[in-house]
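For reference, the structure is listed below as structure tokens.
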Number of protein chains: 2
Amino acid sequence: MFYFLFLWQTTNNMSVLNDELDYQILKLLQKDGRMSFTEISKEINVAVSTIRHRYINLIEDGTIKIIGRVDPNKIGFNAYASILISVKPKTYMNTIFEELTKLPEISFLALVSGSFDIEADVMCRDMEHLNVLLADKIHVLEGVFDTKTNMYMKIYKVAQPDLELARLSSMPKQ
Amino acid sequence: MFYFLFLWQTTNNMSVLNDELDYQILKLLQKDGRMSFTEISKEINVAVSTIRHRYINLIEDGTIKIIGRVDPNKIGFNAYASILISVKPKTYMNTIFEELTKLPEISFLALVSGSFDIEADVMCRDMEHLNVLLADKIHVLEGVFDTKTNMYMKIYKVAQPDLELARLSSMPKQ
DNA sequence: AATTTATTTACAAAAAACGTATTAAAAAAT
DNA sequence: ATTTTTTAATACGTTTTTTGTAAATAAATT
């Protein structure tokens, strides 16, 4: 009977630590995607092999992806804009999304609520480039009824989802 | 005389390959931030030490940053929204940016052209969370005159700046 | 042409990753 | 309640990679 209680306790602790461990790994990699498994394991006192296993799982289920984030300004993109698109008739939505996805200038593409249907954020070299993109690649698409373009004039913050906020909820894994 | 010509040729090739080399490194790291220097060097036929030097420079001047990009949905963020803010009087702009930058829910914050002044994209757990954020953290700020919130209902694309497009211009390093 | 500066490269020591095997724990079945 | 199955954590030796330093080469400056 006493033995049973003991087992229950370890089980409980482990299942809490499980998710907590993933959070800690994610948090460290979020800041520095090249941090070695060895360093991570030292930081949170778990065996290197465990970190590696967890890492592989997190990568495979798409929870995290390690990427090099390139600063657009440094490589010559000086016109960052938000293009809102109104589609009429709405039956064109799917084909428009398909076509827009292909455009290399588009860095973010989503279906939005509000008076427009689609938001497409684009990174262009300059106003000329943006202008040509709009005229030759977007306005020509069948179903594009109206657009509204606004420039991002100064960027104050670009951040990752805050894991501390996520931890408050019960971590529903997809 | 013949020797001199030979030298000139190598020089010329090298200087073209210089910027091209940075592009190639950036392109590979953009896709896989954990790719080893060894692997990169094999891919583009340059000594490992060269790749490493270039890498260190690219990191130090902020051209690229290796980060773990966490999928918001996988960790329980189900309300992704765009909040447009109108500021009156405009003298409050600076303090509002300062305050907004602190909010952990905000993943993107920028000064925008158009009928509103500020765009703040937020990642919240759910509608309740978003609602509380708006009411208790944003609407209460002095100078926030009006806001307009739209939900990102489905995300079709999240991409990095396209290096092929950048290569077309003359790579002005900042 | 000489000097300075920057870039590329080579190499050896240290550190890290990988593959595999082992151990331990949790869940499921009996 | 015990056994079996499945899943997760860990240890360890080998291979690979990174790191620090020094040398060679090229470019820019004088």
Side-chain angles (χ1 to χ4, degrees), chain A residues 1-26 28-29 31-66 68 74 170-171 173-174, chain B residues 1-26 28-29 31-61 63-66 68 74 170-174:
Chain A
M1 187 54 181
F2 179 77
Y3 178 66
F4 175 72
L5 183 63
F6 171 74
L7 267 183
W8 178 82
Q9 276 202 325
T10 21
T11 300
N12 195 269
N13 284 337
M14 273 306 161
S15 78
V16 170
L17 195 119
N18 259 345
D19 297 338
E20 189 54 33
L21 182 54
D22 276 342
Y23 270 108
Q24 288 183 279
I25 295 170
L26 290 174
L28 290 172
L29 287 173
K31 272 196 289 186
D32 175 7
R34 281 216 152 212
M35 187 179 264
S36 72
F37 301 146
T38 312
E39 206 180 340
I40 295 171
S41 81
K42 279 175 191 161
E43 201 80 30
I44 58 193
N45 287 310
V46 180
V48 193
S49 1
T50 306
I51 300 292
R52 192 158 140 265
H53 272 227
R54 289 298 190 107
Y55 170 82
I56 290 168
N57 288 337
L58 288 169
I59 292 289
E60 281 186 348
D61 70 15
T63 304
I64 197 171
K65 187 172 186 214
I66 312 294
K74 298 264 180 184
S170 54
M171 179 127 178
K173 264 203 173 181
Q174 165 89 277
Chain B
M1 187 53 181
F2 180 77
Y3 179 65
F4 175 73
L5 181 65
F6 172 73
L7 267 182
W8 178 82
Q9 276 201 325
T10 21
T11 300
N12 195 269
N13 285 338
M14 275 303 161
S15 78
V16 170
L17 196 119
N18 257 343
D19 295 338
E20 191 54 33
L21 181 55
D22 275 343
Y23 271 107
Q24 288 183 278
I25 295 170
L26 290 174
L28 290 173
L29 286 173
K31 272 195 289 186
D32 175 8
R34 281 211 153 219
M35 186 178 265
S36 73
F37 300 146
T38 313
E39 205 179 339
I40 296 171
S41 81
K42 277 174 192 162
E43 201 80 28
I44 59 194
N45 288 311
V46 180
V48 192
S49 357
T50 306
I51 301 292
R52 191 159 141 264
H53 272 220
R54 289 299 189 106
Y55 170 83
I56 291 169
N57 288 337
L58 290 169
I59 292 288
E60 280 186 349
D61 70 15
T63 303
I64 195 169
K65 189 175 184 210
I66 312 294
K74 297 264 180 183
S170 54
M171 177 128 178
K173 265 204 174 181
Q174 163 96 311

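Protein chains get the first letters and strands the later ones, always in sequence-line order, with residue 1 at the start of each.
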Notebook entry, point to check: For D:dA9, does OP1 or OP2 lie under 4.0 Å from any side-chain N or O of A:Arg54?
Noted result: yes
Notebook entry, point to check: DNA chain D: A:Arg34 or A:Ala47, which has the more 5' nearest nucleotide?
Noted result: A:Ala47
Next item on the list: State which of C:dC18, D:dT18, D:dT10 makes the closest approach to the side chain of A:Thr50.
Entry: D:dT10
Item checked: For the student: nearest non-hydrogen atoms of A:Ala47 and A:Ser41, plus distance -> C-CB, 4.1 Å
Check: Taking atom P of D:dA9 as reference, at what distance in whole Å does atom CG of A:Asp19 sit?
Finding: 11 Å
Note to self: Measure NE2/B:His53 against P/C:dT9 and give the value in whole Å, please.
What the structure shows: 11 Å
Notebook entry, point to check: What is the distance, rounded to the nearest whole Å, between atom CG of A:Leu21 and atom P of D:dA8?
Noted result: 12 Å
Check: Over how many whole Å does the gap from A:Ile51 atom CD1 to D:dA8 atom P extend?
Finding: 15 Å
Notebook entry, point to check: Starting at CG of B:Asp22 and ending at P of C:dA6, how long is that distance when rounded to a whole Å?
Noted result: 16 Å
Margin query: Just the rounded figure in Å: distance from P of D:dT7 to CG of A:Asn57.
Written below: 12 Å
Checklist line | Atom of B:Lys74, atom of A:Asp61 and distance for their closest heavy-atom approach | finding: NZ-O, 2.7 Å
Item checked: Note, A:Leu29 side chain near A:Tyr55 side chain (heavy atom, < 4.5 Å) -> yes
Notebook entry, point to check: Do you know which two heavy atoms are closest between B:Val48 and B:Phe37, and how far apart they sit?
Noted result: CG1-CB, 3.9 Å
Notebook entry, point to check: Would you say A:Thr50 and A:Leu21 make side-chain contact, with heavy atoms under 4.5 Å?
Noted result: yes
Margin query: Without decimals, in angstroms, what is the distance between B:Phe37 CZ and C:dA17 P?
Written below: 12 Å
Checklist line | Interatomic distance where CG belongs to A:Leu29 and C1' belongs to C:dA17 [whole Å] | finding: 15 Å
Item checked: Side-chain donor/acceptor of A:Ser49 to base of D:dA11, under 3.5 Å -> yes
Item checked: A:Ser36 side-chain proximity, nearest of C:dA17, C:dT9, D:dT18 -> C:dA17
Notebook entry, point to check: Among C:dA16, C:dA17, C:dT8, which nucleotide sits nearest the side chain of A:Lys42?
Noted result: C:dA16
Note to self: Under 4.0 Å, counting only non-hydrogen atoms across every strand here, what does A:Thr38 touch: a base, just sugar-phosphate, or nothing?
What the structure shows: sugar-phosphate
Note to self: Looking at C:dA17, I'd like to know if its phosphate oxygens (OP1 or OP2) sit under 4.0 Å from a side-chain N or O belonging to A:Arg52.
What the structure shows: no
